[in-house]
Amino acid sequence: MVFHVMTLFPEMVEQGLHTSILGRAMDAGIIGVKTVNIRDYSEDKHRHVDDYPYGGGAGMVMAADPIARCFEDLTSGMTKKPRVVYLTPWGKVFNQQMAKDFAAEEDLVFLCGHYEGVDERVLEEIVTDYVSIGDYVLSGGELPAMVMIDAIARMVPGVLTNEESGETESFMNGLLEYPQYTRPEVWRDRPVPEVLLSGHHAKIAEWRMQRSIDRTLAFRPELMENVELDKKSAKYLRSLQNPTE
Ligand code: ADE
């Protein structure tokens with residue numbers, strides 16, 4: 001899968017993504033990240049890509065033409081029109097299911113905006129998906145694009161090792177992660193929960209399931225509505241809800 005990022009700050013995106021699991025996947029040729037500098041498509045002698053907004057108001061607006069020509073160049077070799085994501089606080093809020101869906105694409109294009117926005121006409125012409133990474137305002141689309149690329153790449157077959165995908169699966173069952181511990185056995189008078197030292201796999205699995213449920217109820221109770229629990233987990237949840245039964 002190839003991620004194409006249209007941006008005014010290509011080095012920011014390249015440097016931010018070439019580490020850890022994604023760096024390994026890029027080196028193995030499983031995913032690619034290609035950045036293009038929108039400024040290279042300016043026809044202005046000062047390489048401007050922005051202009052004053054019609055109707056007045058503060059800030060500058062990114063002009064349609066450099067973006068359109070950048071996009072046309074980028075897609076000229078493609079046989080099929082790719083999905084194009086525009087990062088914006090008014091987009092649909094990104095989640096794990098969307099990451100999974102996007103991971104099925106061969107090519108995925110991101111348009112990173114700056115200044116006060118982008119001329120609406122080029123958005124109408126090229127964008128297929130408007131996506132936000134949360135209800136707050138960032139200075140540009142680069143960080144959101146990087147967040148999305150990380151989450152999507154993890155869903156591309158071959159990017160995670162078997163061991164690593166196990167970890168993702170446990171979030172994807174809809175519950176939050178259980179707590180983790182490593183050596184030493186006692187740290188500043190805090191011991192590791194006894195059951196984790198027992199070597200009893202079934203008991204450990206049950207303890208982890210219960211702590212996942214506890215944590216989900218404490219931090220993100222609304223997630224509980226979409227979770228499918230197995231018999232044992234459902235019984236534990238009922239015991240919390242009706243402690244006298
Ligand atoms: N651009 C600025 N803020 C953003 C956000 N929260 N999500 C996606 N793109 C953005």
Side-chain angles (χ1 to χ4, degrees), residues 1-22 31 33-42 48-68 70-71 74-75 82-105 107-156 168 171-172 176 219-220 222-223:
M1 174 172 193
V2 181
F3 300 96
H4 306 265
V5 187
M6 300 163 65
T7 169
L8 293 171
F9 302 99
E11 27 354 286
M12 175 179 177
V13 176
E14 282 157 24
Q15 287 171 7
L17 290 174
H18 211 115
T19 49
S20 185
I21 292 176
L22 265 65
I31 58 162
V33 177
K34 292 186 181 170
T35 58
V36 270
N37 194 335
I38 297 167
R39 203 175 290 286
D40 292 344
Y41 294 85
S42 167
H48 286 145
V49 289
D50 58 324
D51 212 331
Y52 296 98
Y54 277 116
M60 303 290 270
V61 175
M62 283 173 74
D65 209 52
I67 293 172
C70 178
F71 178 70
L74 170 71
T75 52
R83 282 172 86 174
V84 180
V85 177
Y86 178 57
L87 293 315
T88 169
W90 45 265
K92 185 171 173 202
V93 179
F94 189 54
N95 62 29
Q96 191 70 41
Q97 186 54 47
M98 287 160 77
K100 231 179 166 178
D101 291 344
F102 281 123
E105 301 295 318
D107 290 284
L108 187 60
V109 180
F110 293 88
L111 171 59
C112 303
H114 262 268
Y115 312 113
E116 295 309 301
V118 172
D119 190 309
E120 189 71 16
R121 293 166 295 183
V122 71
L123 299 181
E124 287 168 7
E125 198 158 309
I126 71 171
V127 174
T128 58
D129 298 85
Y130 294 87
V131 184
S132 165
I133 62 157
D135 291 339
Y136 41 81
V137 178
L138 299 165
S139 313
E142 284 76 12
L143 287 171
M146 289 158 74
V147 165
M148 286 184 66
I149 291 170
D150 189 302
I152 295 165
R154 296 169 58 82
M155 296 291 102
V156 173
T168 304
F171 176 70
M172 294 203 38
L176 302 183
F219 287 90
R220 299 289 305 279
E222 78 282 7
L223 291 181

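Order of appearance sets the numbers: ligands from 1, and atoms from 1 within every ligand.
- Backbone and side-chain nitrogen or oxygen atoms of G134 are examined, and one is located within less than 3.5 angstrom of a nitrogen or oxygen of ligand 1.
- In this structure, the separation between CG on D107 and NE2 on H4 is 3.5 Å, given to the nearest 0.5 Å.
- Using a 4.0 Å cut-off to heavy atoms of P89, the atoms of ligand 1 that qualify are 1 (N), 2 (C), 3 (N), 4 (C), 10 (C).
- Considering backbone and side-chain N/O of V131, none are found under 3.5 Å from N/O of ligand 1.
- Panel note: side chain S42, backbone H48; a donor-acceptor pair is recorded below 3.5 Å.
- Rounding to the nearest 0.5 Å gives a distance of 11.5 Å between OG1 of T128 and CG of L123.
- Looking at V147, I133, L138, it is L138 that brings a heavy atom closest to atom 3 (N) of ligand 1.
- Contacts between P144 and ligand 1 below 4.0 angstrom, taking non-hydrogen atoms only, involve the side chain exclusively.
- Of the polar atoms of T88, at least one N or O is found under 3.5 Å from an N or O of ligand 1, judged by distance alone.
- Considering only non-hydrogen protein atoms, atom 6 (N) of ligand 1 sits nearest to Y136 O, 2.8 Å.
- Distance check, rounded to the nearest 0.5 Å: CE of M146 to OG1 of T7 gives 10.0 Å.
- In this structure, CG in L22 is found 8.0 Å from CD1 in I149, a value given to the nearest 0.5 Å.
- Contact annotation: for D135 versus ligand 1, there are no heavy atoms closer than 4.0 Å.
- Aromatic ring pairs are classed by plane angle as parallel below 30°, tilted from 30° to 60° and perpendicular above 60°; the pair F102 and F94 is tilted.
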